[in-house]
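Shown next, in structure tokens, is the structure this report addresses.
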There are 2 protein chains.
Amino acid sequence: MKKAATVLKSNSIRVTPQRLGVYKLLREEKRHFSAEEVYAKVKNHFPAISLATVYSILELLKEKDLASEVRINLDKASFEAKKNEHHHFLCKKCGEIFDIHIELCPTLKRRETQGHSIDKFQGYFYGVCKNCRGK
Amino acid sequence: MKKAATVLKSNSIRVTPQRLGVYKLLREEKRHFSAEEVYAKVKNHFPAISLATVYSILELLKEKDLASEVRINLDKASFEAKKNEHHHFLCKKCGEIFDIHIELCPTLKRRETQGHSIDKFQGYFYGVCKNCRGK
DNA sequence: TTTTTATATAATAATGATTATTGGAAAACT
DNA sequence: AGTTTTCCAATAATCATTATTATATAAAAA
């Protein structure tokens with residue numbers, strides 16, 4: 001895997017420690033983070049970083065297609081490093097988000113439906129996760 | 001179709017003019033409303049109603065499964081009267097939300113995946129709607 | 001390496017959606 | 001009617017996100 005700094009540069013993002021910190025966090029821990037969580041984590045390395053900076057870095061990574069925002073939670077956004085198209089599952093007990101890798105049916109893969117042209121499709125699943133089942 | 005007041009009663013919701021107003025709006029105009037839009041509309045009939053009341057009524061309708069909340073928009077919730085399971089399309093040009101009625105593939109109809117049990121599936125489509133295409 | 005220049009950051013403040021509170025009004029029950 | 005319960009309006013409070021701005025810093029130029 002390419003070094004994080006190289007990826008940023010090749011996307012014409014000026015490399016700063018804060019940006020590197022946020023991007024590496026998303027790439028290395030392969031889970032979903034709220035902006036607050038990113039802030040808390042990155043703060044360990046850069047105590048002076050501010051929440052607003054975290055938001056602006058996340059926005060930048062989104063624009064450059066290095067991160068994506070998931071809105072399966074009703075109250076706040078989650079962020080993850082960009083991966084192949086996949087879908088999400090939200091556990092209503094523990095609140096954790098899981099990636100769902102499922103091959104979608106042809107109907108959902110169409111790039112057009114009812115006259116609308118489709119750029120992107122996101123599948124959101126809700127239920128109880130395997131850890132919480134039987135508790 | 002049953003009268004709105006009857007539906008509320010049979011769901012053990014005490015009928016008040018405000019509740020009736022909100023519920024009838026969602027049932028009769030079959031589109032998606034933000035809380036602000038519901039407020040503006042219902043205000044025509046009940047000038048004294050407050051936004052907080054609108055939120056609390058929407059919450060109540062959701063609990064009783066008479067309305068549902070859609071979060072295809074990143075910044076605010078949309079509400080609609082409960083219908084059969086369907087999916088949503090958000091136009092990135094005009095911001096309008098359209099219902100998408102598509103038969104799901106068997107994979108998505110499973111009530112279980114990767115060990116998680118699934119209550120609900122929501123498909124979100126993003127793109128350019130038929131009205132905005134070719135503009 | 002130093003200087004320059006543009007951009008990024010920190011530290012607020014501001015905004016906008018949603019939720020909590022509270023006192024008083026209306027409905028249901030006795 | 002009197003009592004109790006629930007509802008509602010009118011804030012105020014909260015929480016996520018965005019805007020602002022003065023200072024700091026990375027990359028480019030000298």
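Here the structure is a predicted model, which is why all the values come from computation and not from measurement. Lettering follows sequence order; numbering is per chain, from 1.
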Restricting both atoms to N or O, compile the protein contacts to nucleotides 17-21 of chain C shorter than 3.5 Å, with distance only.
unit_1	atom_1	unit_2	atom_2	d
C:dT18	OP1	B:R71	NH2	3.0
C:dT18	OP1	B:A77	N	3.0
C:dT18	OP2	B:Y55	OH	2.4
C:dT18	O5'	B:Y55	OH	3.2

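- Regarding A:K62, its NZ atom lies at a distance of 11 Å from the C1' atom of D:dT17, rounded to whole Å.
- Between A:V15 and A:A5 the shortest heavy-atom distance is CG2-O, 3.8 Å.
- Within residues 10-26 of chain A, the residues having any heavy atom under 4.0 Å from DNA chain D are, by residue number, A:R14, A:V15.
- For the pair B:L8 CG and D:dC7 C1', the computed distance is 14 Å after rounding to whole Å.
- In plain terms, the two heavy atoms of B:D119 and A:G127 that are nearest each other are OD2-CA, 3.7 Å.
- Between B:T53 and the phosphate of D:dA9, there is a side-chain N or O to OP1/OP2 separation shorter than 4.0 Å.
- Straight-line distance from the CZ atom of B:F46 to the P atom of C:dA26: 14 Å, rounded to whole Å.
- Aromatic ring centres of B:H116 and A:F125: separated by at least 6.0 Å.
- Taken to the nearest 0.5 Å, the CD1 atom of A:I57 stands 12.5 Å off from the CG atom of A:L66.
- Atom CD in A:E63 sits roughly 11 Å away from atom P in D:dT18 (whole-Å rounding).
- The interatomic distance linking B:Y39 (OH) with D:dC8 (P) rounds to 15 Å, in whole Å.
- Membership of an apolar cluster is not assigned to A:V128, as no side-chain contact below 4.5 Å to another ILVMFWY residue is traced.
- Atom pair A:I49:CD1 and D:dT23:C1' shows a separation of 16 Å (rounding to whole Å applied).
- Judged by distance alone, the side chain of B:R71 and the main-chain N or O of A:R71 form no donor-acceptor pair under 3.5 Å.
- B:K83 has a carboxylate O that lies under 4.0 Å from a charged side-chain N of B:D99, or vice versa, which qualifies the two as a salt bridge.
- If you take NE2 of B:H45 and P of D:dC8, they are 17 Å apart, rounded to a whole angstrom.
- To the nearest 0.5 Å, atom NZ of residue B:K24 and atom NZ of residue B:K3 are 8.0 Å apart.
- For A:K41 and A:E29, the salt-bridge test passes: some basic side-chain N is under 4.0 Å from an acidic carboxylate O.
- To the nearest angstrom, P of C:dT7 lies 18 Å from NZ of A:K9.
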